[in-house]
Amino acid sequence: MNFFRFVRGVFKIITKGSSAYYAWITFLILLIVWGGFGYANQLAHGLIVTHMRDSVSWGFYIGNFTFLVGVAAASVMLVIPAYVYHWKPIKEIVIFGELLAICAVIMCLCFIIVDIGNPLRFWHMLPGIGILNFPSSLLSWDFFVLNSYFILNLIIVVYLLYCHFYKKEYKVSFVRPLVLFSIPMAIAIHTVTAFLFNALPGRPFWNSALLAPRFLASAFCSGPAILLILFQILRKITKFEIKDEAIWRIAELMVYAMFIYLFFTVAELFKEFYSGTENILYWKYLLFGIGKNHEIVVYSWSSIIMGSVAFLLFLIPSTRKNFLTLNIGAVLIYGSVYIEKGIALIVPGFTPDTLGQIYVYTPSITEVKTAVMIFSSGFLLFTFLSKIAIAIVFEDYCIDDLSSKKREDKLKEITIAM
Amino acid sequence: MKDIFKTLFKIHSLLFLSVSIIIISCNDTPEVYNLGQTVTSPLEGAANKSHEEIAVSPPPFSDGIFPCNDCHAFQKPNPVRRTLTWHEDITEIFNHDSKNRWCLDCHDLNNRDSLRLASGKLLDFKESYKLCGQCHGDKLRDWKVGVHGKRTGYWNGPKQYYLCVSCHNPHSPKFKPIKPEPPPFREDEQIK
Amino acid sequence: MKKPVNYSGRRKFLKNLSLFAVGSLALSGCGQVTMKEFLQKNFRTLSKKEKDDIIKALEKKYTAKYGKEFHVTDEPAADGVEFGYALDLSRCIGCRRCVYACVKENNQSRDPQIQYIQVLQMEKEKGIDFAHSDVHYNPELVPEEGYFYVPVQCQQCRNPQCTEVCPVKATWQEPDGVVVVDYNWCIGCRYCMAACPYGARHFNWGEPYIPAAEINPETHYLGNRPRMKGVVEKCTFCIKRVRDGKYPACVEICPVGARKFGNLLDPESEIRYILANKRVLVLKQELNTQPRFYYFFGV
């Protein structure tokens, strides 16, 4: 009843926009269709159209999944200062962090579905009608925490927007505990994902105690980086206001995360290279190559260099406060963590494989297409959700606007502004 | 009276002849012996084994070479060590402690259808493992339990042993290298 | 407030669209799998009657597909039996006869190629060193001077990592020690493959292909029955053969008698003799998988 009108109101927002908006949406839809052909090919022939094989049985999809879990966890970087330390300037923009988390979790689930060999058998995982190997299997834990985190964020966001739409005050006693609960949940999703890899003694590259802390550190670097850029874009094209100080404060928090991220990497490198046991092989392949195989050396060094440069750009106050260098730093850290969670995490775990053989893995065109499809869908969803959030929270789009006359004027206003 | 003895003698000879024929014809073709029996206790002393039969695969004779007495029954046994003028296919490859051993250390001088142990005791070819076991006692112990060599059949039931000589040519026992089966496809070659 | 005219029309359109999508998705798999097969539960949770029905349906399906009379059994583990395996490293010559005997017995896909047994060539000087081993050796004759050979297959660990990580319990250890996979329950997430330290699990990346002339129609539900794309498979110690009392195919074919197999709970078996009298080792002992697959040196 009320909720349906809310949905109707929301639907109206996303179907109206400027020509730039339509162009962006069309571009994303084209990418989704292009990627969809790739995925259709995979459904028809099986995973053989990827380049994953028995030696390297996880690849591009799981790499993207791991990275996106980190992005989803990053919203907590905004929640902590806003709700725990009551830092006003950030409170209004926490909602975007949560929208990002929602989209990231949806993309994660999509990457899992495209990766498994029998997607239609997904119901085997549902407790009750299937069998879930809880608590033995880390994947079952991941299932719980990811879905819980997703539902939690969804409830918070929908409730806040719904209240805003109906010009009601939201119940702090309802929202605050949920938001505070999302902090350990965010840590949980990324810890569980790290433990997924960590749990395997047969893969010495992942079997390090530092893996989970490294995951968290890199998540807290990369997630806010996206938000930094996003806020600057929103600031330019909408009525959305955010002070420079708020952005600089986010950047400052990121410096701590980046330092820890780099330090943990150095700690891992020291342990492996100084002790020089057989397990050095995987790090050797990553950083120096083995024999004739040097495929990922360029990526691993790029990741380390980009991360270090970003760290310096964020550390030095003058470069942090200069928006050009700040944005360069944000892009660099995002790229660094993307490589570190993707190629530089998955591939060396499997190369050389358990019996010492080397299979060189690079994603196939089908994998790229499918990933593009999922990323484009995620971006599309995020665009829609952001537009709704901006309209309701910042443009004061509300229930009154569903009445005919006011509606037309209001929508005209919003259209011009975007 | 003479007639009765004559008849009895005829009956006896006939009986003796038929029984001999039956016995000889039963042992005519090499086949698997005593399929139902297996060695039950691996740790018993080898000395007690003489009366116990182990189910073995047939001795791998070359065509027409057995029974040896077809030729050797008409030859004068010569115990002197020398280079043989026949059996070149064996003497060419003979490589089984050839400095110290020669044919008649294992093959009986007077009855070529038998093998002989160092004590002089005669062995049938299907018991050749006892001969090998004289020098290769540890291998024999392992073979009897199935740890050396090969057994087919049932892990919880009757088994058939491969004789030592089924795998090791007794005149040149060391295994020759063989051609391997193809390697697995490289995983990057299986990309469609 | 009145409902606008096109509101229900929009809802109807969306409903039809989603139905169409689901329908086409379902139909895309229609030829391969019936609804009954799709809704089949985990094998261990089924009643005897349900298992018999499933097996009858499978026999019919395979017979129709391959033109040979198929037999599928779900023979359970016998009491007082725990399988053990020992491989004599001093004897293996790397001829790979075991690899291909296994492929034939277990109906492994020829294209894309799956082989449960991987024979590694290692240098005698370096000892057991996976990093310097080679699975693609292909000389004229084996064994090559200065090398020895280590065949690796599923170790049927007492403490298997793979069964712990499966999110849907599609793989488990049977009472006689064999680790099996329910191919109709596996979702193909490949977590077990990441977990296995011996590379013993293999995935059907594409639709498996076995020439009808080479198919082995004597199969076990948890073992060598023909698999489908998107599921994991592995060596089961030839579960059909060993539960009938026979030796696994690899043991039978080995021309140098390097492979030994038996019941670990039978003190008279050859495997117990080996454990008592030979020096055995296991691969990657530090991982505490406690394999039931031992390696020893006969000479």
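Letters go in sequence order (proteins before strands), and every chain restarts at 1.
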Among C/Q118, C/R259, C/E252, the residue with the most heavy-atom pairs under 4.5 Å to chain B is C/E252

Which residues in residues 73-91 of chain C have a heavy atom less than 4.5 Å from any heavy atom of chain B? C/V81, C/F83, C/R91

Main chain of B/F185, side chain of C/Q113: is a donor-acceptor contact present, judged purely on distance under 3.5 Å? yes

If the condition is salt bridge (Lys or Arg N to Asp or Glu O under 4.0 Å), which residues does C/K126 pass it with, not counting sequence neighbours? C/E123

So what's closer than 4.5 Å to chain B heavy atoms on C/I117: side chain, backbone, both or neither? neither

Would a distance-only check, ignoring hydrogens and angles, find a side-chain to backbone donor-acceptor pair under 3.5 Å from C/K260 to B/G146? yes

Output yes when a side-chain donor or acceptor of C/H136 lies under 3.5 Å from a complementary backbone atom of B/P184, and no otherwise. yes

Indicate the atoms forming the closest heavy-atom contact of B/P180 with C/G94, along with that distance. CB-O, 3.9 Å

Just how far is it from atom CZ of C/F261 to atom CZ of B/R151, taken to the nearest 0.5 Å? 13.0 Å

Please list all pairs meeting ring pair (Phe, Tyr, Trp, His ring centres under 6.0 Å) that have one or both residues in residues 71-97 of chain B, counting only residues at least two apart or in different chains. none

Tell me whether C/K278 at atom NZ has more than 12 heavy atoms from other residues, nucleotides or ligands lying less than 6.0 Å away. yes

Do B/E181 and C/N138 make a side-chain contact, defined as non-hydrogen atoms from C-beta onward lying under 4.5 Å apart? no

Above 12 or not: heavy atoms from other molecules or residues under 6.0 Å from OH of C/Y137? yes

Can you find a heavy atom in the side chain of B/I178 that is under 4.5 Å from one in the side chain of C/L141? no

Take atom CD of C/E125 as the centre, draw a 6.0 Å sphere, and report whether it contains more than 12 heavy atoms from other residues, nucleotides or ligands. no

Residue by residue, scan residues 235-249 of chain C and write down, ordered by number, those that have a heavy-atom distance under 4.5 Å to chain B; if none do, write 'none'. C/V242, C/D244, C/G245, C/K246, C/Y247

So B/N156 and C/N263, side-chain contact (heavy atoms from CB on, under 4.5 Å) or not? Walk me through it. CA-CA 8 Å; B/N156 62 352; C/N263 179 5; over 6 Å; no

Less than 4.5 Å apart, any side-chain heavy atom of B/W155 and any of C/V251? no

Where does B/Y162 contact chain C at under 4.5 Å (heavy atoms): side chain, backbone, both or neither? neither

Can any side-chain N or O of B/K150 pair as donor or acceptor with the backbone N or O of C/A258 at less than 3.5 Å? no

Any sub-3.5 Å donor-acceptor pair from C/Y100's side-chain atoms to B/P182's backbone N or O? yes

Minimum heavy-atom separation for C/V135 to B/P183, with atom names? O-CB, 4.4 Å

More than 12 non-hydrogen atoms from neighbouring residues, nucleotides or ligands closer than 6.0 Å to NZ on B/K174, yes or no? no

Note: vs chain B, highest number of non-hydrogen pairs under 4.5 angstrom among C/V142, C/I274, C/V256, C/I271 is C/V142

Which bit of C/Q115 comes within less than 4.5 Å of chain B, counting heavy atoms only: side chain, backbone, both or neither? side chain

Do you know the tightest heavy-atom contact between C/E270 and B/V145? CB-O, 3.4 Å

Pairwise distance CZ(B/R141) to CG(C/N277) - rounded to 0.5 angstrom: 9.5 Å

